[in-house]
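All ligand and atom numbering here is 1-based and tracks the order in the structure.
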Amino acid sequence: MPNRLDLPAGFRWGVSTAAYQIEGAVEEDGRGPSVWDLFVERPGAVKDGHTGRVACDHYHRYREDVELMRGLGLDGYRFSIAWPRVRPTGAGAVNIGGLDFYDRLVDELLGAGITPLPTLFHWDLPQALEDGGGWLARDTAYRFAEYAEIVVDRLGDRVPAWITLNEPFVHMVFGYALGIHAPGHALMLDALPAAHHQLLGHGLAAAVLRERGHEVLIANNLTPVWPASEKPQDVAAAAAYDALHNRLFTDPLLLGRYPDLSAYGVGDDLGGSVRPGDLELITAPGLDGLGVNYYNPTRIAAPTEPDGLPFAEAEIEGVPRTAFGWPVVPDGLRELLVGLRERYGSALPPITITENGCSVTDEPAPDGTVHDQPRIDYLAGHLDALAAAIARGVDVRGYYTWSLIDNFEWAEGYHQRFGLVHVDFETQKRTPKASYAWYRDLIAAHRARPAGKSCGGPMGAP
Ligand code: GBH
């Protein structure tokens, strides 16, 4: 069995974060309000009323955080750019002060030998655009492409590759269908236009970026879907769930069509939002890489209650759980990647794992060390599964673990800790955990081993 040390030469090691989860400084240097700034003020929206107003104060401490990255020996850093810093109302004047921050960050990263991999949208839409309908409005897709152009004009001389969207599925479901994330709409299936408009925004932005010679990725959170039994009803429910979670966000990009959503009573115009020529706009620019965020598989059964959905989620039993309660199934990553290769064949671009990690209840011991062995086990298992997928012929170019530092975990506030580095949110003191040293040593050991098969191409690998 191949293991993580068998990952190809040139394989890119990284960590991931997102703007609202780490930056703080929400009113600084002309930043406008985002949907998250308003959502966190809603009573009960976030555990214990936590907000991202200060978060990890990364906006002021980015040099220290880049030093932590340098200490890991990373190839790349995936972070997100806050749209409301760059264009506070989403449509009006550009805010140079906001762009300046990312300019400083990019230079700091390059000085540390780390390639910046920015995500343009990690859920923090300018509130002014939400007031005009947010991603339910087609117009937002065009504003997104303008924003992409503004950013690439400023940073494109130093940034080779870009991720357009983070997890459009989660944003649609949590933000627009269930209302547990900003902007907090509970529209159920009427949220589907938010899927199409995000994908349209991706396509329009991808065209801008690729015209300028840049590499383009999207980060989809994908999950292997397990039917709860072999009963035809469970198998059909699993197929319906797979269409919504996985295919809805990958088929249009790679195959130029939406999947069959008839189990939802929805046509392939996604609630009337798809116009002639749109799929072309989504597919035509092409993708240099598919970003995959993987956390766990999903087990699906036929619905028991008539809630209008053609599936019900079922528990995965007999596996460890993270502090968040998510099942730990490392081999699900191999299964997912091999499955993507089987489904899309030569239409599948090279893959980068843009997120993978787990929350652990870890507080510093009296001696100041943080023993997060469950995180080490999680990362090791998933990296071994990744090596197994590569050995089966899947082209995977890099791995960005979620996350560098403990941060604002959306509706969970600061209660779930995903970092390789512990953050004391009272003092902002950073303490590298045991997993930090483990990851650093793994990267060094992988680089030091006799070179195997090389992997080049996207993501700036030489
Ligand atoms: C990502 O979302 C986000 O991109 C990132 O901002 C976030 O901080 C990070 O992950 C950690 O949450 O019900 O047990 O089957 C992850 C989206 C959605 C993945 C819920 C796991 C279900 C777990 N997640 N999902 S379970």
Side-chain angles (χ1 to χ4, degrees), residues 14-23 34-36 39 46-47 50 52 55-56 58 78-82 117-125 163-175 177-178 180-182 198 217-226 228 238 241-242 244-246 249 291-301 311-329 332-333 336 352-360 375 378-379 382 400-420 423:
V15 296
S16 271
T17 65
Y20 189 73
Q21 295 181 270
I22 65 166
E23 288 179 357
S34 80
V35 292
W36 271 95
F39 185 73
V46 177
K47 258 188 201 162
H50 290 170
C56 307
H58 172 78
R78 173 180 179 238
F79 59 100
S80 83
I81 294 177
L117 176 58
T119 302
L120 289 167
F121 181 68
H122 200 125
W123 306 348
D124 47 357
L125 192 76
I163 296 172
T164 54
L165 307 175
N166 179 66
E167 300 188 349
F169 170 78
V170 175
H171 189 53
M172 173 189 77
V173 172
F174 286 14
L178 302 176
I180 56 185
H181 280 182
Q198 285 184 86
L217 295 85
I218 186 170
N220 282 344
N221 92 299
L222 300 176
T223 184
V225 182
W226 295 351
Y241 187 80
D242 182 42
L244 186 72
H245 190 133
N246 296 315
F249 297 90
V292 172
N293 294 0
Y294 171 76
Y295 288 91
N296 54 260
T298 309
R299 188 160 172 257
I300 294 293
F311 64 85
E313 290 195 37
E315 288 280 302
I316 294 175
E317 273 147 27
V319 301
R321 304 232 157 220
T322 72
F324 213 144
W326 300 352
V328 178
V329 186
L333 181 56
L336 174 70
T352 292
I353 306 302
T354 35
E355 283 182 33
N356 174 245
C358 69
S359 80
V360 178
R375 176 169 293 107
Y378 184 99
L379 298 180
H382 285 77
Y400 290 68
T401 193
W402 185 271
S403 180
L404 173 69
I405 47 180
D406 293 340
N407 58 53
F408 177 73
E409 179 53 30
W410 308 115
E412 295 289 316
Y414 296 97
H415 291 289
Q416 301 296 339
R417 295 179 174 271
F418 281 84
L420 301 176
V423 176

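- Near ligand 1, Q21, H122, W123, N166, E167, V170, Y295, N296, W326, P327, E355, W402, E409, W410, F418 each place a heavy atom less than 4.0 angstrom from the ligand.
- Taking 4.5 Å as the limit, some side-chain heavy atom of Y295 sits within range of a side-chain heavy atom of Y378.
- Using a 4.0 Å cut-off between charged nitrogen and carboxylate oxygen, R78 and E355 count as a salt-bridge pair.
- A distance-only check finds no donor-acceptor pair linking the side chain of Q416 to the backbone of S359 [under 3.5 Å].
- Ring planes of F121 and H171: perpendicular class, angle over 60° (limits at 30 and 60°).
- The backbone N or O of T119 lies less than 3.5 Å from no partner atom in the side chain of N166, so there is not a single donor-acceptor pair.
- Of the candidates F39, F408, W123, Y20 forms a ring-ring contact (aromatic ring centres under 6.0 Å, His included) with just one, namely F408.
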